[in-house]
Amino acid sequence: MSDECDVNTKEEKGGTFLCESCGLRETYHYYGRRPPFHRGVTFLEDCYLMRDPFQSQPTGSFLLLGSSCTACGRVVCQAASCSLFYTTRFCGACAEDNLKEFPTEMQQRITKKRTQQKTM
């Protein structure tokens, strides 16, 4: 297991991704907006990507693990319980704290997600 100082290092060539919300820990192969293993893709945010572990041959397939919250900088995964993307990435806490800043439709989605999490 890596030392905590070795996670989320934002190394373009990879490292260890750790979601600061749920604790998901996974090896990532690229950090940035234009993964070299899939030239046709450009992301709107710097994100942590891994090559698709379910493909035995390199196909250019990948999984987007997560990215940093625009508001607080915490690294969060793509899980609906950890983050949401609306023009930029927000962790769940910052989305709730800034609820009034989102359009009505997004406010309803955030509120619904919060209600569902409380009933689990």
Side-chain angles (χ1 to χ4, degrees):
M1 184 184 278
S2 303
D3 292 324
E4 289 303 313
C5 63
D6 293 339
V7 299
N8 302 333
T9 56
K10 299 181 180 174
E11 293 293 326
E12 188 171 297
K13 299 207 184 265
T16 301
F17 171 84
L18 175 64
C19 177
E20 295 179 44
S21 182
C22 72
L24 170 72
R25 180 185 293 265
E26 191 60 63
T27 298
Y28 71 93
H29 300 111
Y30 175 76
Y31 175 80
R33 294 177 186 224
R34 294 180 170 196
F37 41 86
H38 201 301
R39 301 255 185 236
V41 174
T42 301
F43 291 94
L44 297 174
E45 62 183 342
D46 288 330
C47 48
Y48 296 88
L49 302 166
M50 71 181 299
R51 289 184 186 92
D52 188 344
F54 303 107
Q55 299 293 323
S56 58
Q57 299 293 323
T59 62
S61 298
F62 58 87
L63 300 174
L64 196 156
L65 296 171
S67 57
S68 298
C69 173
T70 300
C72 72
R74 289 178 55 202
V75 175
V76 288
C77 72
Q78 296 293 88
S81 58
C82 295
S83 71
L84 77 98
F85 184 87
Y86 182 77
T87 68
T88 59
R89 174 85 34 214
F90 292 91
C91 70
C94 288
E96 287 184 31
D97 290 348
N98 296 290
L99 188 64
K100 300 261 189 256
E101 303 300 320
F102 290 97
T104 304
E105 182 180 316
M106 287 304 295
Q107 290 179 24
Q108 291 169 348
R109 287 179 60 192
I110 295 166
T111 302
K112 181 179 178 183
K113 183 169 61 169
R114 178 177 42 202
T115 303
Q116 288 173 341
Q117 289 174 347
K118 287 180 181 179
T119 60
M120 294 179 152

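For clarity, every value in this text was computed on a predicted model and none was experimentally measured. Here, residue 1 is the first one in the sequence, and each next residue gets the next number.
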Restricting to non-hydrogen atoms, name the atom on [X] and the atom on [Y] that form the minimum distance, rounded to 0.1 Å.
X	Y	answer
Leu99	Gln107	O-CG, 3.2 Å
Ser67	Phe17	N-CE1, 4.5 Å
Val41	Pro35	O-CD, 3.7 Å
Thr16	Tyr28	N-CE2, 3.4 Å
Cys77	Ser83	O-OG, 2.7 Å
Met50	His29	CA-ND1, 3.3 Å

Find the distance between [atom1] ([X]) and [atom2] ([Y]) and round it off to the nearest 0.5 Å.
X	Y	atom1	atom2	result
Leu18	Leu24	CG	CG	8.0 Å
His38	Asp52	NE2	CG	11.0 Å
Phe43	Leu49	CZ	CG	5.0 Å
Lys112	Gln108	NZ	CD	10.0 Å
Cys47	Arg33	SG	CZ	8.5 Å
Phe90	Asp97	CZ	CG	11.5 Å

Aromatic plane relationship, Tyr86 with Phe102 - under 30° parallel, 30 to 60° tilted, over 60° perpendicular | perpendicular
So, do [X] and [Y] sit near enough that their side-chain heavy atoms are less than 4.5 Å apart?
X	Y	value
Glu20	Cys69	no
Thr70	Cys94	no
Gln78	Arg89	yes
Met106	Leu84	yes
Tyr48	Asn8	yes
Cys72	Cys91	yes

Do Leu63 and Tyr31 sit in the same hydrophobic cluster, where Ile, Leu, Val, Met, Phe, Trp and Tyr count as joined when their side-chain heavy atoms come under 4.5 Å apart?
-> yes
Among all residues two or more places apart in sequence or in another chain, which pass the ring pair (Phe, Tyr, Trp, His ring centres under 6.0 Å) test with Tyr30?
->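 Partners of Tyr30 under the ring pair (Phe, Tyr, Trp, His ring centres under 6.0 Å) test: none.
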Who pairs with Leu44 by side-chain contact (heavy atoms from CB on, under 4.5 Å), at least two apart in sequence or on another chain?
->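 Residues passing side-chain contact (heavy atoms from CB on, under 4.5 Å) with Leu44: Phe85.
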